[in-house]
Structure formats: structure tokens, C-alpha cells
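Read through the structure below, which is laid out as C-alpha cells, and then see the notes.
Since we're looking at a predicted model, the values are computed, not measured. Just so we're on the same page: letters track the sequence lines, and every chain starts at 1. The figures here come from the full heavy-atom set of this structure, side chains too, leaving out hydrogens, waters and symmetry mates.
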Amino acid sequence: MTTREFDGIRLEKVREHVWEIPREGDMNVPARVLASESLLEEIGEDDSLQQLKNATHLPGMAEPALCMPDGHQGYGFPVGGVGAIDARTGCISPGAVGYDINCGVRMVRTNLAYDDVRGRESELVDALFEAVPSGLGGGGVIGGDADAIEGALERGVEWAVEEGYGIESDLARCEDEGRRPDARPEYVSQKAMDRGRNQMGSLGSGNHFLEVQRVTDVFREEVADEYGLREDGIVVLIHCGSRGLGHQTCNDYLRRIEKEHGDLLAELPDKELAAAPAGSELADEYYGAMGACINFAWVNRQLITHQARETFGEVFDADPIEDLGMELLYDVAHNIAKKETHEVGVDADGRPAVGDEAVDRAERELYVHRKGATRAFPAGNADVPEVYRSVGQPVIIPGSMGAGSYVLRGGDQSMSVSFGSTAHGAGRLMSRTQAKQEFWGGDVQDDLEDGQQIYVKAQSGATIAEEAPGVYKDIDEVIRVSDELGIGDKVARTFPVCNIKG
DNA sequence: ATGTGC
């Protein structure tokens, strides 16, 4: 048997790209890393594997706790982690969702070809930078009065479209039609709402960006046709989350768990994995508040989409919908938990179980935590929007600003291998602090423009350094693993034309 | 990720 060991954590190779940390001690279930040998070596360099192992202690965790090929260490649970936990007898963990609730990415297609944009990159990047608020702190596309906040938290994209910031077809092209039906705005604190108020329609900082890209490769012609993608076509990618509102909400509930459920917390190997027991008031309140933050993040991406459409309309002197065909391809969430039904091993009492304790397999409602992971449901699944049901849901995976991105479709192995999930990006190789020691923002910006004709504009040079292409893993390798495992299949590849960020 | 710390 092929094995690897990192800091005392041993992994057994189950098959190509599948590595298992066997169950031992207080682990409820084994854990699996979905990675090639080279990606596993990178994942093994930080605390990801220990964090993944810690997460197997969470009550109700179904087999196996997972790390996607782009995984790296995060708060408590790896970014790139998937944990499916019994919604009746288990728990829900804010740290396994992430601070930036519904950080996610959407792709907008256009009728433009690369030739239409070439030579006008500076004009376009300046206009977008002007139109889309970015960077830390406040300032959004709209003011965010009480009605706006309430509409966004309660009704998501539906509210934004009603207010004139989108078109009817945008709704069906978001996970959950852009509205979590179980959102409960009353469980979001006043402080969180105050932080979100003047951030409605803003990119934020860090790895968030808006990028104009050209399609360089099409791998599955029939799927690309369904998605409206063709070689040399221009697309717009928008990556951002729930800003201060989601961050505050995560923090609020972590503090409440510490106060109200210290007994469970004391049993966990890491306090950052703090979780509310399923069925508790706090679990229901967090789930409802998280749903409202999810809606807010969708509105955020919708307002930025509106600004991008308006800007393209002005720059190319055309109607963004009628002439430029700027329809939403799809919007995917990276940091969420959601009640989904999956088949798992169960014990005599019907609880998720493994090994000798598993006497049967049955469908169970699970809190599927995807933290830095993307839902990747295959063709035929009822939760895939009708327009894409015959080919599988679009999965949009951004790479670094020097390497381009991929569009995949949910693969037919995803339900049995990864609770219907795949990777969400290239995955960091080093911390932000280390990145700033290795790179200088201005130099990175010059190299991208001179070497690859990629035009980057940011509020802060430090952000460009933190996001330099060299701080990321090889996106091609991440996608190869997803494609070869059959959890997310390659459809098209894109390359950056211009990029704005915080 | 984040009014870039509790």
C-alpha cells in the first residue's frame, strides 16, 4: 500500500487522487484528501491535515470528512473542506462554513470577442474600477437603507431584480434561485446589519476581484454550447462575499456557542471548530442568520453585475442585454452550509456510522458544510436549474490573476465521492504575510501587463502582492484532479484580460 | 475574509 506521512499524520492511498486518514482514537469517521501526489505534498505543508482530522471529531460527521485538491489551512477547518453532518443528531459549525459567508463567484457571458476588447483594456479597466466600489471599509453601489437591507436579507436576488438591478433570467442562474427560503433576518444582529449597510455592491479586499476574461479553450463543445461559451468570447467573472455583515455574523455566533454550548466545545480538539448541537435553538438561529447573509452576498454580486453591465454598455455604446448578451451564466457559493439529503452509512439507531457500526445505508438530511468548496451537482439532478439539467450545473473555478480560470460541469461521480462537491480555486501556497515579503505589488502589476497583457488595477499594492500568481497552487493540476475523479468535468478555460480588486 | 486584534 502506498502511504504518505506529514507531521505524524499518515495517509493511505485508496486509489488515484484519493488519500485516506484512517479512523483512530476519538475520530468519528475517517478523512479523505482528494489530490494528486504533488498537490498532497503542498497540502501537507501547513496545518490542513491536522484540521481535517480534528473535524472528524464533530458529532454526527458522515463519512468521510473531505479536503478538496485546492485545500489549505483556514480558521478551524481547512479552506477546501467539505463536512457533511447529520442535521438531526449532529451539529453545525460556523468555522466549517467560514467567516466570509457565501463568498462565491459568478460568470457573466457576453457576445463580445477578444478582438473587440483588445487595445481598449486600459479604458475598460479604468471604467470598471470607477463603477465598482472596492477595498476595505464602506461605500457601496447603493445606500442601503432599512428597506434595502431587509429586502436583501429576506429575499436575495429576487429583491435586487425587482429593484431594477437585474433581469428575470438572473434568478434561475443562481444556486437556490438566489434566495435561501429558510433565511431568518431577525437572527442577524443589529451590529452586523450596520456593517453591511454601506457595503451593498462592493468587492471588498483580499482575493476578491472583478475580471474580464477571454475563453482560450473549449474541452466539451456540447456543454460549452449549453453554457453559451465559445472560444475567444469575452466573459466577466465576479468574486466577492458578504463583507462585514457575514464576518460579524460568524463572529457573533462563535461567541454565543462559546457561552451557551461550552460542553460540546470542551470535547473538541480545537476551539475554532466550535459547533452548535443540531436541534438546539442556537443551531436553528445560526442556520437562519447564515441564510440571510447568503442572500446578502448574492445581492452584493447582483449589484456588481449591474454595474458591470452598465459599464460595458457605456464603453461599447450598446445595450448590455439586447446587444452585448450579458446574461448570467451561473453563480456558485464557496462558503456555506446547507441541508441536503445524501445516502450515508447508518447504525442501528439510524445515525451516520462507519465500519462495523454501520448496519445499513440510508438517506439522511445533512448540514453539508462547504468551506472553499463548490457544489458540483451532475446532469439529471433536480436541484440543477432546468436550463442546465441535461448537462449538469456550471462550476466556475477562478485561478490566480496570472493563470486564468475554468468552467466545469458537475461530474457524475460527485454524489458518491464528495457529497456533490469539487474545488473552488487554485488554493493558496503561502500566507498573506509571507506573500508580502516575497512580492512587491507594483512589480507584479508591471510583470502582468508587460509579460501577459493583463491589466490590473487595485486600491492597494499590498493586495496585489498578497494575490500575486506565485502565491497560488497550479490551477491546471487542481482541475486535472477534479476532472479525472469525475466530480467536476472540464468545459472551458479562460485567461485574464483585465482585473480590478481591493 | 475582516472598520487587517481582543
Checklist entry - Tell me: CG of A:N251 to P of B:dT4, nearest whole Å? => result 12 Å
Checklist entry - Base, sugar-phosphate, or nothing: which does A:S205 touch, judged by heavy atoms less than 4.0 Å apart? => result sugar-phosphate
Checklist entry - Roughly, in whole Å, what's the span from CG in A:D252 to P in B:dT2? => result 16 Å
Checklist outcome for this item: Separation of B:dT4 atom C1' from A:K501 atom NZ, nearest Å, is 15 Å
Checklist entry - How close or far is atom P of B:dT4 from atom CD of A:Q434, stated in whole angstroms? => result 23 Å
Checklist outcome for this item: Rounded to whole Å, NE2 of A:H208 lies from P of B:dT2 at a distance of 6 Å
Checklist entry - Do side-chain atoms of A:W19 reach the backbone of A:L40 as a donor and acceptor pair under 3.5 angstrom? => result no
Next on the checklist: Is it true that A:N335 and A:Y99 share a donor-acceptor pair across their side chains at a distance under 3.5 Å?
Outcome noted: no
Checklist entry - Which is true for A:K191 with a 4.0 Å heavy-atom rule: it touches a base, it touches only sugar-phosphate, or it touches nothing? => result base
Checklist entry - What is the distance from CG of A:L136 to C1' of B:dG5, rounded to the nearest Å? => result 14 Å
Checklist entry - How about A:Y287 and A:Y187: are their ring centroids closer than 6.0 Å? => result no
Checklist entry - Could you give the CG-to-P distance, from A:L254 to B:dT2, as a whole number of Å? => result 16 Å
Checklist outcome for this item: The answer to which of A:R255 and A:D100 contacts DNA chain B further toward the 5' end, by nearest nucleotide, is A:D100
Checklist entry - Phosphate oxygens OP1/OP2 of B:dT4: is one of them under 4.0 Å from a side-chain N or O of A:R432? => result no
Next on the checklist: Quick check on A:D263: does its CG atom have over 12 non-hydrogen neighbours (other residues, nucleotides or ligands) under 6.0 Å away?
Outcome noted: yes
Checklist entry - When all nucleic acid strands are considered with a 4.0 Å heavy-atom cut-off, which category describes A:E466: base, sugar-phosphate, or nothing? => result nothing
Checklist entry - Within this structure, what is the CD-to-P distance between A:E467 and B:dT4, rounded to whole angstrom? => result 18 Å
Next on the checklist: Taking any heavy-atom pair under 4.0 Å as a contact, classify A:G206: base, sugar-phosphate, or nothing.
Outcome noted: sugar-phosphate
Checklist entry - Between A:E175 and A:K338, is there a salt bridge with N-O shorter than 4.0 Å? => result yes
